[in-house]
Amino acid sequence: MLDKIGIAKRIAKEVKDRYYVNLGIGIPTLVANYINKDIDVEFQSENGLLGMGPFPYDEEVDADIINAGKQTITTLPGASFFDSASSFSMIRGKHVDLTILGAMEVSENGDIANWKIPGKMVKGMGGAMDLVASAENIIVAMMHTNKAGESKLLKKCSLPLTGLSCVKKIVTNLAVLEITSAGFQLIERAPGVSIETIKKATEGKLIITGDIPEMKIN
Amino acid sequence: MLDKIGIAKRIAKEVKDRYYVNLGIGIPTLVANYINKDIDVEFQSENGLLGMGPFPYDEEVDADIINAGKQTITTLPGASFFDSASSFSMIRGKHVDLTILGAMEVSENGDIANWKIPGKMVKGMGGAMDLVASAENIIVAMMHTNKAGESKLLKKCSLPLTGLSCVKKIVTNLAVLEITSAGFQLIERAPGVSIETIKKATEGKLIITGDIPEMKIN
Amino acid sequence: MINKKVLNAQEALTGIKDNMTLMLGGFGLCGIPENSIAQLVKLGVKNLTCISNNAGVDDFGLGLLLKDKQIGKMISSYVGENNEFERQMLSGELIVDLIPQGSLAERCRAAQAGIPAFYTPAGYGTEIGEGKESREFDGKMHLMETAFNADFSMVKAWKGDEAGNLIFKGTARNFNPNMCGSAKITIAEVEELYPAGELDPNEIHISGIFIQRIFQGNNYEKRIEQRTITKR
Amino acid sequence: MINKKVLNAQEALTGIKDNMTLMLGGFGLCGIPENSIAQLVKLGVKNLTCISNNAGVDDFGLGLLLKDKQIGKMISSYVGENNEFERQMLSGELIVDLIPQGSLAERCRAAQAGIPAFYTPAGYGTEIGEGKESREFDGKMHLMETAFNADFSMVKAWKGDEAGNLIFKGTARNFNPNMCGSAKITIAEVEELYPAGELDPNEIHISGIFIQRIFQGNNYEKRIEQRTITKR
């Protein structure tokens, strides 16, 4: 079973050379730390920065340079700043290659719900609805089940949707799965996790074809 | 009767303090030379410049700084460069206060035709259709009649239209007229021009109320 | 040169009244028009509709207006980080219209550009699409979104000149350029105000034509929401 | 940093074939991608559809492609200044689609921004509106215009870096930024190419994400159409 860092490490392997990547808040943010140093990747922050770098040293902190999580950050060589409309031109125009974000629920046809729980304070969708509506490569990072132990991989989302049929891949603490026309195709098991465990934790249609390897992360 | 410079001088009086102005090619371009020096005006050139100045001195000529007529020009203090989409945001978004352009025909309801003569080589509308569709204050500078002596102020335009019901005022070699719901309202006569002459030269409905003063230009 | 300079926030905000719709730049607390917000508090105008990506924190940014119950409706994409906001929203005192961030930005830009409506896939198939027209383009469903219609827009820039030209800094740019010229009157506050001619025409982010009033702000706090650092 | 640098125009234009749709920046002869056009002539690709505000003059700019009959269709707002163009158009060899300049710019920008369609009042009630959907907003009629769909876009900038970031100069900016990322592949040629990190991130007009290939051009002629001067 993976912890959050394990999920981030596994997702990092999905990030390919020359990808522009948008990382959501939470586990996705951690992914940046584990990307292969031999490949070139640029991070887009939807508040208006391409070429986002690590957190600044104390004396470098600039209130005018933050990421979408409102954290102070730095820029890397080749970075650029732009306005919000241009930022979403990058997103809506499919110029961003990979979007990694968290979810509360994903359905077997790739619907995602990650912005609203009826009856609870709603903070808003931020850029998530634009991202999931346009990105051609969306990976969800999340726990396989919620705190009550209920599956988050469902036949149909019960929560208000963020986007329709958009998720391509899911990396959870238990497994890697692809969304196919048939349902959740199991690709890899987390270290030490049995197929039985994954089956029990998956409410939506789970497709298992042949041997399912255990995932390799460093 | 006015010559082209006279028309430009008369139109210059329509340019008010703090106006952003877009000048078309031909007579409108001349208007810039006769604007009251005591007022502040900025010229927008739709190819991407606000704060256009006069032609450069020979040694200042820069191929990268031209106006919409492809003439080399200069910038004034407070000028800015921008892309074409932003330029037409200024125009379509009604941020430009006054548009002055030439016309082949204007109809009594303010339709304008100035881009195409069937059977002749068509050069294109350039930015004229965007300008006339959005500008709230459009003044047409033109001769009252064409080379064949036929009126250019018509009941209905015979040429393909550039825009519908958009012209507010017309300054010709013979007169100043406003477009009203009733037709061409005669406002001023050119020096030495009789009402009879204007009547003869105007095919569309001409409204004459009270005394029509002779225009004053310096 | 058409001079847009006004003396201060007080002069700049002349004409703002109860029940108006305002656009306010900024992302979180980054790039917000601090001086204009302070003046709105001083004016005490009520029942404002505020179009702003976020709603500030309890004691800063738009939170200052919320505390005084000056806002009747918020149009935003994300409104966390604010307890008073939550209280007013749950009690029904505050109407909240949440819209996707990209649609928010583009609806501002559409108002600037005189484009009454455009299509975007964001929100299709979600509750955001309810009651909105949808339409297929290239096999994909889109929603029709319309330009905002606001009375005043308040933006914050780094450098400006008296002609109203603006240059923004870093990610403090965000929604600010998209809100210029997107309301009937746009007020820009800047950290540094120069005479016309001091800024390079090639480096200007937003032309002065979109700005009606500009003033030099003061005492910028630039509060940081998440001070994250790398330890040496 | 994702390096977009290629060696020259030849490498940059790899993949361009007959019958493709190309976008080309420039206004008149100002800011045109001179090196890319020269390479198109060398490639001899035929029956191109060219989206460009103008069509060059007889012996420069897109006129060079017209002379060799490489263009099957022009999508422009203004095509004067070119006798060979006129000849081919009147003879029916060349299809010409004239559209309002603002709609041209916005349709490029829409392609860049993933907006399939938008509304503009330009051209309503004229022959430009024939066959197009129209619709009323706020009591005014508008046409629905759609995003362009092009294979390659060719733009010219002043400064660029290896990450593909671009800075334009003066009115040579014009359509160039709006055509970046508006086609499947965008090729940028620049007068000065710098390593990543040399350009100020705050002064970049177009982010490298919109550019697939960048190269340093050479021998820029920058021909002037109307050399107008003030005599001392």
Side-chain angles (χ1 to χ4, degrees), chain A residues 45-49 52-75 79 81-92 111-113 115-116 119-134 160-166, chain C residues 27-31 53-54 76-81 85-86 89-90 96 98-106 108-110 112 120-128 140-142 158 168-178 205-206 220-232:
Chain A
S45 189
E46 68 263 28
N47 58 318
L49 168 59
M52 184 169 36
F55 295 147
Y57 291 119
D58 198 43
E59 69 278 13
E60 289 173 342
V61 166
D62 184 340
D64 289 327
I65 304 182
I66 64 168
N67 66 16
K70 287 130 189 168
Q71 297 170 312
T72 49
I73 39 107
T74 57
T75 62
F81 294 111
F82 37 84
D83 63 70
S84 298
S86 299
S87 179
F88 284 88
S89 289
M90 296 177 188
I91 290 167
R92 204 187 304 101
D111 293 352
I112 179 172
W115 78 285
K116 185 174 183 177
K120 281 206 181 178
M121 167 67 186
V122 183
K123 294 192 169 185
M125 69 293 282
M129 277 194 186
D130 307 274
L131 282 159
V132 302
S134 294
L161 294 184
T162 308
L164 285 183
S165 315
C166 52
Chain C
F27 186 99
L29 302 178
C30 183
N53 189 55
N54 312 94
S76 304
S77 87
Y78 192 82
V79 293
E81 278 80 82
F85 186 98
E86 186 168 346
M89 180 170 147
L90 294 175
V96 180
L98 291 169
I99 60 182
Q101 192 175 144
S103 300
L104 179 68
E106 192 66 15
C108 294
R109 192 259 174 196
Q112 177 190 71
T120 173
Y124 176 76
T126 76
E127 61 179 59
I128 297 307
K140 184 168 178 170
M141 293 303 294
H142 292 72
W158 176 32
F168 303 90
K169 185 177 153 224
T171 57
R173 193 181 314 188
N174 57 65
F175 286 84
N176 285 299
N178 309 127
H205 292 141
I206 275 291
Y220 283 103
E221 182 177 340
K222 295 197 183 185
R223 196 184 295 186
I224 292 171
E225 282 184 78
Q226 308 275 346
R227 189 184 175 92
T228 42
I229 59 166
T230 296
K231 294 237 167 69
R232 287 210 187 261

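The sequence lines fix the lettering, A, B, ..., with proteins before strands; numbering per chain opens at 1.
Contact annotation for A:Val132: neither backbone nor side-chain heavy atoms come within less than 4.5 Å of a heavy atom of chain C. Looking at A:Ala68, both its backbone and its side chain come within 4.5 Å of chain C, counting heavy atoms on both sides. There is no contact between A:Asp111 and chain C, counting heavy-atom distances below 4.5 Å. Interface residue A:Ile66: backbone and side-chain heavy atoms are both found under 4.5 Å from chain C. Only the side chain of C:Ile128 has a heavy atom closer than 4.5 Å to any heavy atom of chain A. Using a 4.5 Å cut-off between heavy atoms, C:Lys231 touches chain A through its backbone atoms (N, CA, C, O) alone. Looking at C:Asn53, neither its backbone nor its side chain comes within 4.5 Å of chain A, counting heavy atoms on both sides. Interface remark: A:Thr162 contributes backbone atoms only to the contact with chain C (heavy atom separation under 4.5 Å). When heavy atoms are compared at a cutoff of 4.5 Å, C:Arg227 approaches chain A by way of both its backbone and its side chain. Looking at A:Phe81, the atoms closer than 4.5 Å to chain C (heavy atoms on both sides) sit in the backbone and in the side chain alike. With a 4.5 angstrom heavy-atom cutoff, C:Phe85 touches chain A only via side-chain atoms.
The candidate with the highest count of non-hydrogen atom pairs below 4.5 Å against chain C, out of A:Leu131, A:Val122, A:Thr74, is A:Val122. Contact count against chain C (heavy-atom pairs under 4.5 Å) is highest for A:Gly127 among A:Gly48, A:Gly127, A:Ala128. With chain A as partner, the option from C:Lys140, C:Arg109, C:Met141 having the largest number of non-hydrogen pairs under 4.5 angstrom is C:Lys140. Of all the listed residues (C:Pro121, C:Ala172, C:Pro100, C:Gly31), the one sharing the greatest number of non-hydrogen pairs under 4.5 Å with chain A is C:Pro100. Comparing C:Leu29, C:Leu104, C:Thr126 by how many heavy-atom pairs each has under 4.5 Å with chain A, the most go to C:Thr126. Counting heavy-atom pairs closer than 4.5 Å to chain C, the top residue among A:Leu161, A:Ile65, A:Asp58 is A:Asp58. When the candidates A:Ala63, A:Gly126, A:Ala79, A:Ala113 are compared by the number of heavy-atom contacts under 4.5 Å with chain C, A:Gly126 comes out ahead.
Separation of atoms CZ (A:Phe88) and OG1 (C:Thr120) is listed at 10.0 Å; rounding is to 0.5 Å. Separation of atoms OG1 (A:Thr72) and CD1 (C:Ile229) is listed at 8.0 Å; rounding is to 0.5 Å. C:His142 contributes atom NE2, which lies 7.0 Å from atom OG of A:Ser134 (distance to the nearest 0.5 angstrom). C:Arg173 CZ to A:Asp64 CG: the interatomic distance, rounded to the nearest 0.5 Å, is 12.0 Å. We find the CG-OG distance between C:Asn174 and A:Ser87 to be 10.0 Å, quoted to the nearest 0.5 Å. Separation of atoms CG (C:Leu98) and NZ (A:Lys123) is listed at 12.5 Å; rounding is to 0.5 Å.
Among all heavy-atom pairs drawn from A:Asn67 and C:Phe27, the shortest one is O-CE2, 4.2 Å. Taking both residues in full, the closest heavy atoms of A:Asp130 and C:Gly102 are given as OD2-N, 2.8 Å, listed atom of the first, atom of the second, then distance.
At a threshold of 4.0 Å, the pair C:Lys169-A:Asp62 counts as salt-bridged, since one of the basic side-chain nitrogens sits closer than that to a carboxylate oxygen.
Using a 4.5 Å heavy-atom threshold, the side chains of A:Met129 and C:Ile99 count as separate. Contact of the A:Lys70 side chain with the C:Tyr78 side chain is registered, since non-hydrogen atoms from C-beta on lie closer than 4.5 Å.
Counting only distance, with no hydrogens or angles, the side chain of A:Asp83 and the backbone of C:Pro177 share no donor-acceptor pair below 3.5 Å.
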When you look at C:Gln226 and A:Phe55, which way does the side-chain contact (heavy atoms from CB on, under 4.5 Å) test go after all the steps?
CA-CA 11 Å; C:Gln226 308 275 346; A:Phe55 295 147; over 6 Å; no
